[in-house]
There are 2 protein chains.
Amino acid sequence: MKEGPDIARIGTLIGDPARANMLTALIGGQALTATELAQAAGVTLQTASSHLSKLEDGGLIAQRKQGRHRYFTLADAAVGTLIESMMGFAASRGHLRHKPGPKDPALRKARVCYDHLAGDYGVRMLDSFVAREVIESDGENLKVTEGGQGELSALGIDIGKLAANRRPLCKSCLDWSERRSHLAGTLGKALLQNFMEKGWARRSLESRAVLFTPEGERKFLSLFPV
Amino acid sequence: MKEGPDIARIGTLIGDPARANMLTALIGGQALTATELAQAAGVTLQTASSHLSKLEDGGLIAQRKQGRHRYFTLADAAVGTLIESMMGFAASRGHLRHKPGPKDPALRKARVCYDHLAGDYGVRMLDSFVAREVIESDGENLKVTEGGQGELSALGIDIGKLAANRRPLCKSCLDWSERRSHLAGTLGKALLQNFMEKGWARRSLESRAVLFTPEGERKFLSLFPV
DNA sequence: TTCATACTTCGATCGTAACCGAAGCATTCC
DNA sequence: GGAATGCTTCGGTTACGATCGAAGTATGAA
């Protein structure tokens, strides 16, 4: 009867809260097991299994067997782009899931986006890298410049080791609170880890907020000027 | 519990076939009444009314009362962009709604996209306009050039009259079969109308296909070379 | 071999939302 | 005024899918 692409089908796939949680858990780019995804979605393993097979049938995710684990990832970059654009759109309509509260400002300031830094500070860091030509952004993709490698290793980041990983080194990730991009990928992960190892910041126990110490905040801000 | 934008909510809104049909009917940019949308969705007026209020609550559509009619439109351009990107994505996963059949090639060749020409011929026309600098495309948006106005009026298109309309003159619309843009807006509508008035083409009665006569096809192809 | 872990499949329950008939407003036409 | 049109609201039915317990399969460890 009707012609054209079936947007209702992918709408339905994304429309279930459990599946939406799984997909958002996967936009970090890391492969996750069924058990981890069940936990992220807040459902039992059986239910998660059913959701995962639906997402796979729909072409949104892919799985890779490894021993007795099954690692799930987004099928390709297009899925991540779609999810991110939907997040931006949802945010623009005021469809947020969090209840406004005292911890909200902290979340907007700095929080974990799966494994890397997001929020105001995350955006600021990427902006600063681009302004100082440590990272160059040719349209969509991000790349560490030749000169940038030295600056990063001065911070204690071993680029060569990170590049060996199959997960992309740099990735831009749309920030729903700032509506701008921040740095994801293994470099984004390594940087956040670096800050925590130096004692500049630690993860909040109750939420995804990243809490900076006074000294850590001072160093971070001077390291990444606007 | 969870933070971030609620993509599940807009997923659910788009995920219902009736609502998806309504939204796709609206991407042409024209305002439609509840009755027209009910017909497009294939449901009764009561059901349509319920869907429309949900879409409005979700910020996807807007309504305007006019006499005893209510005209519905997409809330803004961002909604159109989202729907189009979802259509492109759905097509890339092979989620099409039409049953493959004899009329399928005809649809890919030329069809109506609400009120303008889409498919291979639609893409070809826009490409040709851009190549000959009748229309210029600065990134996302389309604009008729100074020199282009003469060429269009030679075809029998009165640009001044079209520009008076509140609906945008030029609009690019992503083609799900070609995965490239074609020309929408009042100009796109006027051109298709023009072809049909000249007897070059007519709409198929069973589907959205546009059927060219042998002579019309010859003229069209020579008018819009690749 | 036996046990443990990781996950899928089956089966049954349950809640929600899509659906339409009927009735209720609002606006316009005669 | 009354009738017709356009749409919304209400109420009740129905169907689909999300959920989880229990059982089944596969891989790895002891």
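Letters A, B, ... are given to chains in the order of the sequence lines, protein chains preceding strands, and every chain is numbered from 1. Every heavy atom of this structure was used, including side-chain atoms; hydrogens, water molecules and symmetry mates were not.
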Item checked: Atom-to-atom span, CD of B/Q63 to C1' of C/dT27 - whole angstrom -> 15 Å
Note to self: Is any side-chain heavy atom of B/L60 closer than 4.5 Å to one of B/I14?
What the structure shows: yes
Note to self: Output the rounded distance in Å from NZ (A/K54) to C1' (D/dG17).
What the structure shows: 6 Å
Checklist line | Net bend of the helix from C/dT1-D/dA30 to C/dC30-D/dG1, end axes of five pairs each, nearest 10 degrees | finding: 20°
Check: With respect to the side chain of A/R70, which nucleotide from D/dA18, C/dT8, D/dC7 is positioned closest?
Finding: C/dT8
Next item on the list: Take atom CZ of B/R64 and atom C1' of D/dG6, then tell me their distance rounded to the nearest Å.
Entry: 16 Å
Next item on the list: Please report, rounded to the nearest Å, how far the C1' atom of C/dA6 is from the CG atom of A/L37.
Entry: 13 Å
Check: Which of these nucleotides, C/dG21, C/dC7, D/dC20, is closest to any side-chain atom of B/T44?
Finding: C/dG21
Next item on the list: Mind calculating the distance between CD (B/Q39) and P (D/dG6) to the nearest angstrom?
Entry: 12 Å
Check: Are A/T33 and A/F72 side-chain neighbours, meaning at least one heavy-atom pair lies under 4.5 Å?
Finding: no
Notebook entry, point to check: Any idea how B/F220 and B/F195 line up, ring-wise: parallel (<30°), tilted (30 to 60°), or perpendicular (>60°)?
Noted result: perpendicular
Next item on the list: Grab the CE-P distance between A/M22 and D/dT19 for me, whole Å please.
Entry: 9 Å
Check: Heavy atoms, side chains only, cut-off 4.5 Å: are B/H51 and B/I61 in contact?
Finding: no
Next item on the list: Using a strict cut-off of less than 4.0 Å between a Lys/Arg side-chain nitrogen and an Asp/Glu carboxylate oxygen, indicate whether B/R93 and A/D6 qualify as a salt bridge.
Entry: no
Check: So does A/S49 get a side-chain nitrogen or oxygen closer than 4.0 Å to the phosphate oxygens (OP1/OP2) of C/dT8?
Finding: yes
Notebook entry, point to check: Is B/L52 close to B/R70 at the side-chain level, that is, under 4.5 Å between some pair of heavy atoms?
Noted result: no
Note to self: Base, sugar-phosphate or nothing for A/T35? Non-hydrogen atoms, less than 4.0 Å.
What the structure shows: sugar-phosphate
Next item on the list: Write down the distance between CG (B/L45) and P (C/dC25), rounded to a whole number of angstrom.
Entry: 17 Å
Notebook entry, point to check: Hey, which of these two, B/Q46 or B/T12, hits DNA chain C nearer its 5' end, going by closest nucleotide?
Noted result: B/T12
Note to self: Students often get this wrong, so: under 4.0 angstrom with heavy atoms, is B/S53 touching a base, only sugar-phosphate, or nothing?
What the structure shows: nothing
Note to self: Does any part of the side chain of A/Y121, heavy atoms only, come nearer than 4.5 Å to the side chain of A/M125, both counted from C-beta?
What the structure shows: no
Notebook entry, point to check: Is there a side-chain polar atom (N or O) of B/H51 under 4.0 Å from OP1 or OP2 of C/dA17?
Noted result: no
Next item on the list: Establish, with yes or no, whether the OP1 or OP2 oxygen of C/dC20 is under 4.0 angstrom from a side-chain nitrogen or oxygen of B/T47.
Entry: yes
Notebook entry, point to check: Within less than 4.0 Å of OP1 or OP2 of C/dA26, is there a side-chain N or O belonging to B/K65?
Noted result: no
Notebook entry, point to check: A/L52 has an atom CG; how far is it from atom P of D/dT19, in whole Å?
Noted result: 12 Å
Checklist line | Shortest side-chain distance from B/H69, nucleotide among C/dC19, D/dG6, C/dA6 | finding: D/dG6
Notebook entry, point to check: Is any side-chain heavy atom of A/L152 closer than 4.5 Å to a side-chain heavy atom of A/L187?
Noted result: yes
